[in-house]
Every structure is written in C-alpha cells, then in structure tokens.
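Some notes on the structure that comes next.
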2 protein chains.
Amino acid sequence: MTGDLFSPQCPTRTLLDRIGTKWMSMAVKVLAETGELRFTDLRRRMPGVSQKMLSVTLQNLVADGLAARRVEDTVPPRVHYRLTELGESLEVPLAALREWAEANVAEIVQARGRST
Amino acid sequence: MTGDLFSPQCPTRTLLDRIGTKWMSMAVKVLAETGELRFTDLRRRMPGVSQKMLSVTLQNLVADGLAARRVEDTVPPRVHYRLTELGESLEVPLAALREWAEANVAEIVQARGRST
DNA sequence: TGACCTGGTCACCTTTGGTTACCGAGGGAG
DNA sequence: CTCCCTCGGTAACCAAAGGTGACCAGGTCA
C-alpha cells in the first residue's frame, strides 16, 4: 500500500527520515567501501563527525539491523562495525542518490547563486 | 571528484543534507505524481506538514532550481508549484530509495523490536 | 606513580524543526 | 456598510535534534 506513505504513522516514512539523517548515509558509504572498521578508524574517515554523533549514528544502524557490532575483548576493547546484508542492499539506492547529487550539484549551486 | 564528498565543505554533501530533509522528498513525490499544484492542495496531500514547513520546503526547492513557482494574480493570489526537469530527474533515485524502504521496512521494524 | 589508549557517556549549548497566531485585500452574505 | 471568509505567507515562540568538551574505565608502558 503506497498510500500509507502519507500517513505520519507510516513506518516507511520514519525509516526514510532516519536514513536522511546527516551522518547515516556517509557511514553506510564508508562501511560499504571498506568492510569492517573500528570506531576510531570510522571516525577518521568521516571528517567533521563528533564522537557522540558517530556513536549515535552507529547505534541507530545497529538497532535497525543495517550494521553489526563486534567487540574484541582486549584492553582497551576494540569495537568493529560492518554492514549487514540489509545494510549493503541500502547502499545501492543510496549510491544512486549520491551519483545524482554529484552529477547535478553544479547546476544547483548555480541556481542558488541566482536566487540570493 | 568523489573524494571531496568527505570534506565538510563539499557542496554535494550539503545538497544531500538538504534532500534528506523531512518534507523535501515527500514534496518531490507529490509534485512528480500530480504535476502542478497550488500551495493549499499541496498541503492537503502532505498530512502533518505545517504551513511554515511547507513554505520553507518549497522555498528551498525553488532556490535549488528543483521546482518553479507561478503566481496567478487573482485575489486572493493563487500560487502554483511544479517540478523543473531537474526536480523530475531527482525523483528517479528518490523513488528507488522509497522502494527500498517499502521493501525492507518490515525487516527493520523487526530489528528495532529486538533491540529495545 | 602517572600518562596513555579506546569507545563511549554526561552535561551543556546551539541550531533546526514545528506550532500558533496573525496579516492583507477583495468578495459575498446579511 | 459590516463582517467574515479565502489564500499564501510571515513573526514570535517553543521543543527537539545536532554538536561540543570534559570525563570515565582499566590495563599497559615508562
């Protein structure tokens, strides 16, 4: 039922809201490109993200079943993240959106310039 | 240059942030489905949106060159919005993302349930 | 002893999203 | 003539999300 998409209660809508989150798509991209990564490495590859926002983002990914968390029981503990199959399947439409953005960003920046 | 995507200044990133905005994708969908719509009709088709958020969203769409605004000089004035070609091209990857969400929402809701 | 490392969390502040009230000019009901 | 309705939008205000810096545990290395 596509019509439900318009209901505020529609879970698809809440899902899209979460995917649209600032760091979500970036984390998915990085994980899709690199496979399994540790928290700190992940952070290094996502310039501008704070520890808190990265951990919140990762918690959301894990809660949604898009990523898996694995703790190595060393001291200090090392925490690894990787995409699940579901997460990898999300990367496909997400990549399409990124490609669209890269292809059209020039035109849009131009449009913004005109409107200011 | 894809590498730039990781720079906080990367315009593609700011573009994706804006596309990810709560009402943006919904407005694009509605406009893509219906063609030209007036402000109030648009609002009726987007349950939950407030006047302010709709007008902000539309201003952004217009500023980015994704939608066009046409004012009919009656009293009260009627304002029509429609997607530009650019906006219609965005609908393609956006629809793909929606389809992914609809296809996988059940699995994700389930995952959320497990983690609570 | 004490500085360091990792993956967080906590308290706090700032920016955004969202709600409600209101406007302005003409038309129609009374 | 008066009063309220229409329509698209703005202004003032409040709640929620995003973001920052400090701090923690607890074993290791000097």
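Reminder, nothing fancy here: chain letters follow the sequence lines and each chain counts from 1.
The residues Arg70(A) and Glu36(A) are annotated as salt-bridged, a charged nitrogen and a carboxylate oxygen being separated by less than 4.0 angstrom. In this structure, Arg98(A) pairs ionically with Glu91(A), as a charged nitrogen and a carboxylate oxygen lie closer than 4.0 Å.
In this entry the distance linking CG of Leu37(B) with P of dC7(D) reads 14 Å, nearest Å. In this structure, CG of Leu54(A) is placed 16 Å from P of dG21(D), rounded to the nearest angstrom. Between Arg18(B) atom CZ and dG18(D) atom P the separation is 17 Å, expressed in whole Å. Between Asp17(B) atom CG and dG19(D) atom C1' the separation is 14 Å, expressed in whole Å. Met26(A) has its CE atom 16 Å from the C1' atom of dG18(D), to the nearest Å.
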Under 4.0 Å protein heavy-atom contacts per nucleotide of nucleotides 3-25 of chain C, with B for base, S for backbone only and - for none: --BBBBB-------SBB-B----
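Within the model, atoms CE of Met46(B) and CG of Leu54(B) stand 5.5 Å from one another, a figure rounded to the nearest 0.5 Å. For the atom pair Gln110(B) CD and Asn104(B) CG, the distance stands at 12.0 Å (nearest 0.5 Å). Considering NE2 of His80(A) and CZ of Phe39(A), their distance stands at 13.5 Å, rounded to 0.5 Å. Taken from CG in Leu42(A) to CG in Leu31(A), the straight-line distance is 5.0 Å, to the nearest 0.5 Å.
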